[in-house]
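Not measured: the values here are computed from a predicted model. Both backbone and side-chain heavy atoms feed into the values below; hydrogens, waters and symmetry mates do not. Below, read A as the first sequence line, B as the second, and so on, with proteins coming before strands; counting in each chain starts at 1.
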Amino acid sequence: MKFREIEKKWQKKWEEKKIFEVKENPKKKKFYVLDMFPYPSGAGLHMGHAFVFSLGDIFARFKRMQGFNVLYPIGYDALGLPAENAAIKAGTHPKDYTKNSIKNFMRQQKAMGWSYDWSRMINSSDPEYYKWDQWIFLKMLEKGIAYRKKAPVNWCSKCETVLANEQVVNGKCWRHEDTDVEIRHLEQWFFRITDYADELINGLDKLGWPENAKKLQRNWIGKSHGTEIDFEINGKNWPIFTTRPDTIFGVTFMVISAQHSRLMELVTKEQKKEVDKFLKKIKTVSKKSMKEVEELEKEGAFTGSYAVNPMNGNKIPIYTGNFVLADYGSGMIMAVPGHDQRDFEFADKYEIPVKVVIQSKEADLSPERMTEAYTGTGKLVNSGNFDGLSNEEAKEHISIYLKEKKLGRKVVNYKLRDWLISRQRYWGTPIPVIYCDKCGIVPEKELPVKLPEKVKFGKGNPLATAENWIKTKCPRCGGKGRRETDTMDTFANSSWYYLRYTDSKNDKKIFDVKKTNYWCPIDQYIGGPEHITMHLIYIRFYTKFLRDLGLLKFDEPALRYFTQGIVHGSDGEKMSKSKGNVIEPFDMINKYGADTLRLALVSFASPDKDTNWDEKIVMGSYKFLNKVFDFFSEIKFSKPDRKTESKLNRIIKELTDDVEDFRHNLAVIKIRQLFDFLADNGADKKIAESFLKMLHIYCPYLTEELWGKLGNKTFISFEKWPVADEKKIDKKLEEQEKAVENLISDINNVLKIVGSKNKVFIYTLPNEKQFYSGSAILIKKKTNLDAEIYAVNDKEKYDPENKSKKAKPGKPAIFLK
RNA sequence: GCAGGAGUAGCGAAGUGGUCAAACGCGUGAGACUCAAAAUCUCAUGGCUCAGUGCCUUCAGAGGUUCGAAUCCUCUCUCCUGCACCA
């Protein structure tokens, strides 16, 4: 197959000449294009990879041709669970699995024609990479950003390990369908990302990201203003967070989360049995399916303790309940059944009194007859001195009152949690600390702390089986020490990799600040919508932390972000082996060539939309490229007319804008239109070259080949992107072209009615004759009729039926014979 | 429940106030080429009508704003995606 031959030839040339390797060049404007580095799975590239990396490559090639110094690197997010699971299943070592996967990936990536600077390749499972993960960790430890605390985790008693949320399926372990996942409280490492919560929200404003992506992040961080109110319980002070201080007089009970670490302090002897029974019942509180959560009934048990309402001294019973989150706010709520639906349902079930403190204008609110909480606005009642205030005013007044009496304060709360990074897993970055009986937690001195190779996979944390590795000396006192066996969340590896690309071989420092500040931030980042809430928050957090260390001169990692759509199977479902709808990119390359696949992927639809795979589109692209190839192989240059120049320049202008905004589907249509036009009307060398340059970003191989066929010795990859000469865009000419098309369409229309004819006579208005005078050839081609063109006032004209009187401006009259 | 997105001709998909019966691709039909087929090329493809440039009905549904709406507003329905009882 000719395309494959061509592709292999150019792939080799690019590689030999290393043409895509770049260096810092202060004289040249830089542009950093980045695709999220892939997880190298054993299955090789999937269609999503083929799509998203093609988008990156198209953009990198585009910017390169526009004269920018383009950094377009690639690497592998190689640490992670799948490698470890493959190890458990297939008995291979994660290291070998990863090595093979990367090899396979590279082969396929090169075949796709992606113009990476391979010299900067990184592999996060390489100790030379994760060494710097550890370095950052120790810096965070030093600055108090990394810390340790007890946290509830998902625990499978059969695996004897902590599970990630993704590994909890319907409350059961993913590998043990019969085993309920338990919540255990273990000491875990955290990053204090909440220190940056405000900056993470405010920084969004200046970013050129899609609005919905920004919104999603804002909601995820979830800043809310509220009041913390001190309740006295058993002589101790318990601050409680609320956004509704206006309802404080309506509090009739309190609910503490069943997962709260201090729950037992509140449980009295008499109630212990009941609470235990309740806790046992709700032991599995992990991720549930949507339905389960919706149907989940609010349940709880009385703890036996009472709180004192600081406003009126009332004694309030404290319950524990399954609907209160342990890690949001205070983990305990003041329950106002009159004005909060959840509290109402709970009160209803346990027959706790309802007290109305906001009067509704419409509804008659009497506790005995209420069937749901009143959550609207209104004037306060039953609220002591605050009666009569609107509840909005009361929020403010009550907060001020509490502050004056030192019973409360205004606080800001975030949904964003501190980032739990401990994983009881092998294939991750070892957390570089040592536990010493004398000195406590001591940072490792020698980095990297390498993963020991000899471990047992299967049960529990494999690292815990590496006895010799765990036993070590305390770097501080020289006494006995134990290594940390937890590894870091792999999201840590991907939170700063973009910086390492700027200086990936540096073995002295994490990177050379000069180089990094030349290339960064990323000018165009490209990835899936699923990364907006996790990865993109973490990478922003790391950037800000490293800036605070004085390493970076910028605050945000990526100025522009593009979210690509997902390519589904032809059945509209996600591509997956079990559904049997997987299309392998490599199969497509073998069948049609990489250029065809690349072109097809951006032709389905707007690249930010989800699409369904359709091989017909691939065949359409294939057909088109064959036509292009044939045309250029036998091209005879001709002098372009003004119409061609106009069309070309208009398309250059519009297409450049389309590419800049990732409207590749529309750009491709314009390329096709231009091609059709050139095929009909001819082109000179310059125009033909401009066409190839525009096609090049989509089909790099074919265009290199044809560029050579036109007699060029250079790489088209480094040619200048065409710039539109707006003076040559002639709207009138293009309108005339359209008028001729309409005329032909009219002729065909009549022809359809009257059957076949041999000749067409056309009568134009005198001033329009010149528009049509050259169109006889085209008319012959499209209608198979010989045309004679007259002006209506032409005395010599042949017009037996006097049709010429029907001619109108822009609409010549027709007579068929 | 909250947040985001979508619903356009046989299908995929552009189009966000007039130039819209609506780009482009696919499919389908007709024709050319050919002994024939494939490939390629040409035309047609909402309905009706006609030696034409006219009429009618359309852009999930119902209302509304406007001289004028696929496009703006309101409500409703359906589908997708993310989050999960956030006090």
Original post:
What dot-bracket string describes RNA chain B from 5' to 3', counting Watson-Crick and G-U wobble pairs whose defining distances are under 3.5 Å, with [ ] for crossing pairs and | for pairs to another strand?
Top reply: ((((((((.[[[..)..(.....]]]((((((.......))))))(((.....)))...[[[[[..)....]]]]])))))))....
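Taken to the nearest 0.5 Å, the CG atom of A:L200 stands 13.5 Å off from the CH2 atom of A:W220. The distance from atom OG1 of A:T242 to atom CE of A:M332, rounded to the nearest 0.5 Å, is 13.0 Å.
Base engagement by A:V324 is indicated by at least one non-hydrogen atom pair under 4.0 Å involving a base atom. Within 4.0 Å (heavy atoms only), A:L216 reaches no atom of the nucleic acid at all.
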**OP:** Determine, stepwise, if the pair A:D657 / A:R663 fulfils salt bridge (charged side-chain N to carboxylate O under 4.0 Å, His left out).
**Re:** CA-CA 8 Å; A:D657 289 344; A:R663 293 188 298 259; 5.7 Å; no
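Contacts classified as salt bridge (charged side-chain N to carboxylate O under 4.0 Å, His left out) and involving residues 613-625 of chain A (residues at least two apart or in different chains) are given here: A:K591-A:E615. A side-chain hydrogen bond (donor to acceptor under 3.5 Å, both in side chains) check over residues 665-674 of chain A, counting only residues at least two apart or in different chains, returns the pairs A:D658-A:K670.
Atom CH2 in A:W220 sits roughly 7 Å away from atom C1' in B:rC83 (whole-Å rounding). Distance, A:H531 NE2 to B:rG82 P: 13 Å, rounded to whole Å. Per the geometry, CG belonging to A:N626 stands 12 Å off P belonging to B:rA39, to the nearest Å. Between A:K623 atom NZ and B:rC24 atom P the separation is 15 Å, expressed in whole Å. Rounded to a whole Å, the CZ atom of A:F624 is 12 Å from the C1' atom of B:rC24. For the pair A:I532 CD1 and B:rG5 C1', the interatomic distance rounds to 12 Å; values are reported in whole Å. Per the geometry, NZ belonging to A:K2 stands 15 Å off P belonging to B:rA39, to the nearest Å.
For the contact set between residues 651-662 of chain A and RNA chain B, defined by any heavy atom under 4.0 Å, there are no members. Of the residues in residues 329-336 of chain A, those placing a heavy atom less than 4.0 Å from an atom of RNA chain B are A:I333, in numerical order.
Using P as the reference atom, B:rA69 and B:rG63 are 14 Å apart when rounded to the nearest Å. Between the P atoms of B:rU74 and B:rA23, the separation comes to 30 Å (whole Å). To the nearest whole angstrom, the two P atoms, one in B:rG27 and one in B:rC56, are 35 Å apart. Comparing the C1' positions of B:rA6 and B:rG18 gives a spacing of 26 Å, expressed to the nearest Å. Of the P atoms belonging to B:rG25 and B:rC33, the separation is 25 Å, rounded to the nearest Å. B:rU40 and B:rG46 have their C1' atoms separated by 30 Å, with the value rounded to a whole Å. A distance of about 42 Å separates the P atoms of B:rA30 and B:rG17, rounded to the whole Å. Separation of the C1' atoms belonging to B:rA9 and B:rA44 is 15 Å when rounded to the nearest angstrom.
With sequence neighbours excluded, no residue satisfies ring-ring contact (aromatic ring centres under 6.0 Å, His included) with A:F241. Under the ring-ring contact (aromatic ring centres under 6.0 Å, His included) criterion, A:F323 pairs with A:F346, sequence neighbours left out. For A:D730, the salt bridge (Lys or Arg N to Asp or Glu O under 4.0 Å) test picks out A:R642, with sequence neighbours left out. Here A:T247 pairs with nothing under the side chain to side chain donor-acceptor pair (under 3.5 Å) rule; sequence neighbours left out. In this structure, the ring-ring contact (aromatic ring centres under 6.0 Å, His included) partners of A:F604, at least two apart in sequence or on a different chain, are A:W613. Looking at residues two or more places apart in sequence or on another chain, you find a ring-ring contact (aromatic ring centres under 6.0 Å, His included) between A:F662 and A:F59, A:F562, A:H664.
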Where do N or O atoms of nucleotides 11-17 of chain B meet protein N or O atoms at under 3.5 Å, pair by pair?
residue	atom	partner	partner atom	Å
B:rA14	OP1	A:S606	N	3.2

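A donor-acceptor pair under 3.5 Å links the side-chain atoms of A:N309 to the main chain of A:I248, judged by distance alone. Under a 3.5 Å cut-off, the side chain of A:D348 and the backbone N or O of A:F344 do not form any donor-acceptor pair.
The aromatic rings of A:W238 and A:H260 lie tilted to each other, with the angle between the two planes from 30° to 60°.
With B:rG25, B:rA3, B:rA87 as the choices, the nucleotide that has an atom nearest any side-chain atom of A:R672 turns out to be B:rG25. Counting only heavy atoms from C-beta on, A:T243 has its side chain closest to B:rA87 among B:rA3, B:rA87, B:rC85. Proximity note for A:Q673 (side chain, C-beta onward) versus B:rA23, B:rC83, B:rA87: the nearest is B:rA23.
For the pair A:K627 and B:rC41, the criterion of a side-chain N or O lying under 4.0 Å from OP1 or OP2 is met. Between B:rG4 and A:K215, a contact under 4.0 Å exists linking OP1 or OP2 to a side-chain N or O.
Taking the six-membered ring for Trp, A:W419 and A:F190 have ring centres at least 6.0 Å apart.
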